[in-house]
Amino acid sequence: MTDRYDTGMEVRRAVLGDAHVDRATASEIEFDSAFQTLITEAAWGTVWASDAISRRERSMITLALLAATKNFAEIPMHIRATANTGATRQDVIEVFQHVAIYAGVPAANHAIALAKQTYAEMEEEQS
């Protein structure tokens, strides 16, 4: 593995948590191995590893982009990541309000519903 892969795995674990990364790597097979390496090196080892902006800001940008492009499947994962990145619930609702204006109310509405559900699950898990 490369240094970028090792850095990516470290950042990925810090942002998403060990449990998530362990599940993802446990389900990896030869078919998706190259893809997993790609996202670990590029997304986590390059983009998320950069200190040009904070992880809180990256969380907010990621959530906005996911909602704006209607890639809703990853929103719960990134809502959970806010517990590790410092993006608050207020940050998240501000992001989705921004999405509503610039990318559409239906996309923001769906993202907000996913965030509410995920926050409720997180609270239940902590109880």
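For Asp18, the CG atom sits in a packed shell: over 12 heavy atoms of surrounding residues, nucleotides or ligands are nearer than 6.0 Å. The local environment of CD in Glu57 is crowded, with over 12 non-hydrogen atoms from other residues, nucleotides or ligands closer than 6.0 Å. Heavy-atom neighbours of Gln97 CD from other residues, nucleotides or ligands within 6.0 Å: above the threshold of 12. For Arg4, the CZ atom sits in a loose shell: 12 or fewer heavy atoms of surrounding residues, nucleotides or ligands are nearer than 6.0 Å.
In terms of heavy atoms, Lys70 sits closest to Ala103 at NZ-O, 4.3 Å. In this structure, Ala49 and Thr7 approach most closely via the heavy-atom pair CB-CG2, 3.8 Å.
In this structure Glu124 satisfies the side-chain hydrogen bond (donor to acceptor under 3.5 Å, both in side chains) test with no other residue, sequence neighbours excluded. Every residue meeting the side-chain contact (heavy atoms from CB on, under 4.5 Å) condition with Thr88, not counting sequence neighbours, appears here in chain and number order: Gln90, Asp91.
Separation of atoms CH2 (Trp44) and CZ (Arg13) is listed at 12.0 Å; rounding is to 0.5 Å. Atom CD1 of residue Ile53 and atom CH2 of residue Trp48 lie 8.5 Å apart, to the nearest 0.5 angstrom. Once rounded to the nearest 0.5 Å, the distance linking CZ of Arg56 with CD1 of Ile61 reads 10.5 Å. For the atom pair CG (Leu65) and CD (Glu74), the distance works out to 12.0 Å, reported to the nearest 0.5 Å. Atom CG of Asn84 is separated from atom OG of Ser59 by 8.5 Å, given to the nearest 0.5 angstrom.
In the hydrophobic clustering of ILVMFWY residues, with side-chain heavy atoms under 4.5 Å counting as a link, Val15 and Leu38 come out apart. Leu66 and Ile39 fall into different hydrophobic clusters, where Ile, Leu, Val, Met, Phe, Trp and Tyr are joined by side-chain heavy atoms under 4.5 Å apart, directly or via other members. Ile112 and Met60 end up in the same hydrophobic cluster when Ile, Leu, Val, Met, Phe, Trp and Tyr side chains are linked at under 4.5 Å.
For the pair Met77/His20, a side-chain contact is recorded, criterion being any heavy-atom separation below 4.5 Å from C-beta on. His78 places none of its side-chain heavy atoms less than 4.5 Å from the side chain of Thr85. For the pair Ile75 and Leu63, the minimum side-chain heavy-atom distance is below 4.5 Å. Side-chain contact between Leu114 and Ile79 is absent, with no heavy atoms from C-beta onward closer than 4.5 Å. Using a 4.5 Å heavy-atom threshold, the side chains of Glu121 and Arg80 count as touching. Taking the side chain as every heavy atom from C-beta outward, Thr40 and Arg12 approach each other to under 4.5 Å.
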Q: Report the C-alpha distance between Thr25 and Gln36 in whole Å, list the side-chain angles of each, state the deciding distance to 0.1 Å, and finish with yes or no for side-chain contact (heavy atoms from CB on, under 4.5 Å).
A: CA-CA 8 Å; Thr25 56; Gln36 291 297 323; 5.8 Å; no
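A distance-only check finds a donor-acceptor pair linking the side chain of Arg58 to the backbone of Ser50 [under 3.5 Å]. With hydrogens and angles ignored, the 3.5 Å screen pairs no side-chain donor or acceptor of Thr46 with any backbone N or O of Ala43.
Residue pairs meeting the ring pair (Phe, Tyr, Trp, His ring centres under 6.0 Å) criterion with at least one member in residues 92-120, sequence neighbours excluded: Phe72-His110, His98-Tyr102.
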